[in-house]
2 protein chains.
Amino acid sequence: MAARDYGQYCGLTQALELVGERWALLIVRDLLVGPRRYGELAEGLHRIPSNILAARLKDLQAAGVIRRAPRSRVIVYELTPYGRELEPVILAFGAWGFKALGDPRAEQIITPDSMTMDLRTAFRPQVAAGLPATAYAAHFGPAELLIRVDGPTLDLRREEGAADLTFAAGPGIHRVISGELAAEHAIATGVVTVLHGRGELLNRFASTFHLAA
Amino acid sequence: MAARDYGQYCGLTQALELVGERWALLIVRDLLVGPRRYGELAEGLHRIPSNILAARLKDLQAAGVIRRAPRSRVIVYELTPYGRELEPVILAFGAWGFKALGDPRAEQIITPDSMTMDLRTAFRPQVAAGLPATAYAAHFGPAELLIRVDGPTLDLRREEGAADLTFAAGPGIHRVISGELAAEHAIATGVVTVLHGRGELLNRFASTFHLAA
DNA sequence: CCGCATCCCATGTGATACTG
DNA sequence: CAGTATCACATGGGATGCGG
């Protein structure tokens, strides 16, 4: 590692040596949602080569950021307390990057975990507090995310469940969150497909989750 | 770039595609201190190969993070407003990494710009507000940093000037900031050498700049 | 299957040298 | 001084293999 050492004694340099390599922060992002198995991580980061995933998991463990935890016959990876302290950094970094998101390219997908973190970033508790409690079920391809907003609290789960509004969406959903695409227009153009419930609730969704672009 | 694309449409992924490559955030860190010339960047990031520096400057420019600015016959690089929005991210990330800083390795140095950002990270305005205005002049090798604390405001300049305490320090100064090394002990062991002024002022320095480890 | 390890090749990185 | 050019090598990417 000496050759790839930045050669500086500095907080940022140290941070980059711990989690600065390719894919590392994305692994942390997914683990912020919850403990994940090797295969789940590989699925969420669908373009990561398996050797790289294995190497990163090893490095992150050595760095004290994550931990291997045996859970009744299967192994899950989870963040250590130190790793969890990256949450504000990742949220702020994600908010910064969100502003530069252009139109989604053809191969770009959204995964439940990436969407979960983006929604956490975009959640506006003070706005939500003034709105009725609402449950949304969002389908991203085969995956479903249950989004429950109750006053200023947000509960995100990767499961099925009763919702006031059920919709299917692709990457274009981000343009609704950025306010560039009005809810009605998103429905009209097929960016969002309402599967169940009143489509107007998508307006409430858009005001609850908002990040300027 | 398609092959190195993460393939996800997500704020964090986008951020990593803009400034996630090796050395990129360190360039941003140094530019947060002020506009810098090519040679100044190369000096501050003393282990960066010149071709990599040139490539990163080009990429960061294309990403809208930095900008080439001609200043009376010389070219300086400076952050765009969007690039400057990375400051809180970099400060938080640096604070996170600071906690994991072990003992400095032999080849690890501190540069004026890295120290400047670490001091900004560690600065405690509310503590400083309760202390008398103080100016410190810190020597890191050949470079000098003038640190002026006046109430809750911090002024850092890369220049010479009158100071209440002038000291020379190496990377070990970070252990004073983390509180692991008491000021008197730092002086006694030669981690910090007092060049001018009362050594007890290093205690004030340590309480003004503090980051838990 | 799941959790990796191995191969091979494209690309990025690093050291050095060089040019306008 | 501000970059380019070149080349050796390390790392990343993709496919595939393999043991538990």
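Chain A is the first sequence line, chain B the second, and so forth, proteins listed ahead of strands; every chain is numbered from 1. Just the heavy atoms: all of them, side chains too, but no hydrogens, waters or symmetry mates, feed the values below.
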- Message: Over 60° means perpendicular and under 30° means parallel, so tell me whether Tyr38(A) and Tyr77(A) are parallel, tilted or perpendicular.
- Response: tilted
- Message: Nearest whole Å is fine: how far is dT4(D) C1' from Ile75(B) CD1?
- Response: 15 Å
- Please state how far atom CG in Leu53(B) lies from atom P in dT4(D), giving the value in whole angstrom units. 10 Å
- Note on the structure: Within residues 63-71 of chain A, those residues having any heavy atom closer than 4.0 Å to DNA chain C are Arg68(A)
- Nearest of dT16(D), dT13(C), dG13(D) to any side-chain atom of Ile52(A)? dG13(D)
- Please list all pairs passing the salt bridge (charged side-chain N to carboxylate O under 4.0 Å, His left out) test where one or both residues lie in residues 30-41 of chain B, with sequence neighbours left out. Arg36(B)-Asp113(B)
- Item | His196(B) atom NE2, over 12 foreign heavy atoms within 6.0 Å | no
- Task: Could you list the residues that satisfy side-chain contact (heavy atoms from CB on, under 4.5 Å) with Glu43(A), not counting sequence neighbours?
- Result: none
- Rounded distance in Å - CG (Leu16(B)) to P (dG12(C)): 17 Å
- Verify the contact: side-chain N or O of Arg47(A) to OP1 or OP2 of dG12(D), cut-off strictly under 4.0 Å; return yes or no. no
- Can we say Asp155(A) and Arg157(A) salt-bridge, meaning some charged N sits less than 4.0 Å from an Asp/Glu carboxylate O? yes
- Message: At less than 4.0 Å, is any side-chain N or O atom of Arg22(A) found next to OP1 or OP2 of dG13(D)? Yes or no.
- Response: yes
- Query: Relative to each other, are the rings of Phe205(B) and Phe209(B) parallel, tilted or perpendicular (30° and 60° limits)?
  - Reply: tilted
- Sole candidate of Thr121(B), Leu25(B), Leu86(B) that passes side-chain contact (heavy atoms from CB on, under 4.5 Å) when paired with Phe93(B): Leu25(B)
- Dump the intermediate steps for side chain to side chain contact (heavy atoms under 4.5 Å, CB included) on Asp59(B) and Glu21(B), then the final yes or no. CA-CA 10 Å; Asp59(B) 295 344; Glu21(B) 268 169 307; 4.2 Å; yes
- Query: Of all of residues 36-46 of chain B, which get a heavy atom below 4.0 angstrom from DNA chain D, listed by number?
  - Reply: Arg37(B), Tyr38(B), Gly39(B)
- Tyr9(B) and Ser114(A): side chain to side chain contact (heavy atoms under 4.5 Å, CB included), yes or no, with the steps? CA-CA 8 Å; Tyr9(B) 192 67; Ser114(A) 78; over 6 Å; no
- Looking at residues at least two apart in the chain, or sitting in another chain, which of them share a side-chain hydrogen bond (donor to acceptor under 3.5 Å, both in side chains) with Thr208(A)? none
- Query: Does the dA5(C) base have a donor-acceptor partner in the side chain of Ser50(A) within less than 3.5 Å?
  - Reply: yes
- Query: Roughly how many Å is it from CD in Glu107(A) to C1' in dG13(D), rounded to a whole number?
  - Reply: 15 Å
- Quick note, Asn51(A) side chain, CB onward, closest among dT13(C), dG13(D), dA5(C) is dG13(D)
- Message: Only Watson-Crick and G-U wobble pairs with both distances less than 3.5 Å should count. Give DNA chain C in dot-bracket notation, marking inter-strand partners with |.
- Response: |||||||||||||||||||.
- Task: Check the pair Leu101(B) / Gln108(B) against side chain to side chain contact (heavy atoms under 4.5 Å, CB included), numbers first and verdict last.
- Result: CA-CA 12 Å; Leu101(B) 273 179; Gln108(B) 288 188 315; 5.9 Å; no
- Item | Separation of atom CG in Asp5(B) from atom P in dG12(D), rounded to whole Å | 17 Å
- Query: Looking at Arg73(B), does any N or O in its side chain come under 4.0 Å of the phosphate oxygens OP1/OP2 on dC1(D)?
  - Reply: no
- Testing dT13(C), dT4(D), dT16(D) for proximity to the side chain of Lys58(B), the answer is dT4(D)
- Looking only at side-chain atoms of Glu21(A), point me to the closest of dG12(D), dG14(C), dT13(C). dG12(D)
- Message: Does a side-chain N or O of Tyr6(A) approach OP1 or OP2 of dT13(C) to a distance below 4.0 Å, or not?
- Response: no
- Item | Heavy atoms from other residues, nucleotides or ligands near NE2 of His46(A) exceed 12 (cutoff 6.0 Å) | yes
- Message: Tell me whether the side-chain N/O atoms of Trp23(B) come closer than 4.0 Å to OP1 or OP2 in dT13(C).
- Response: no
- Item | Rounded interatomic separation in angstrom, taking CG from Leu26(A) and C1' from dG12(D) | 14 Å
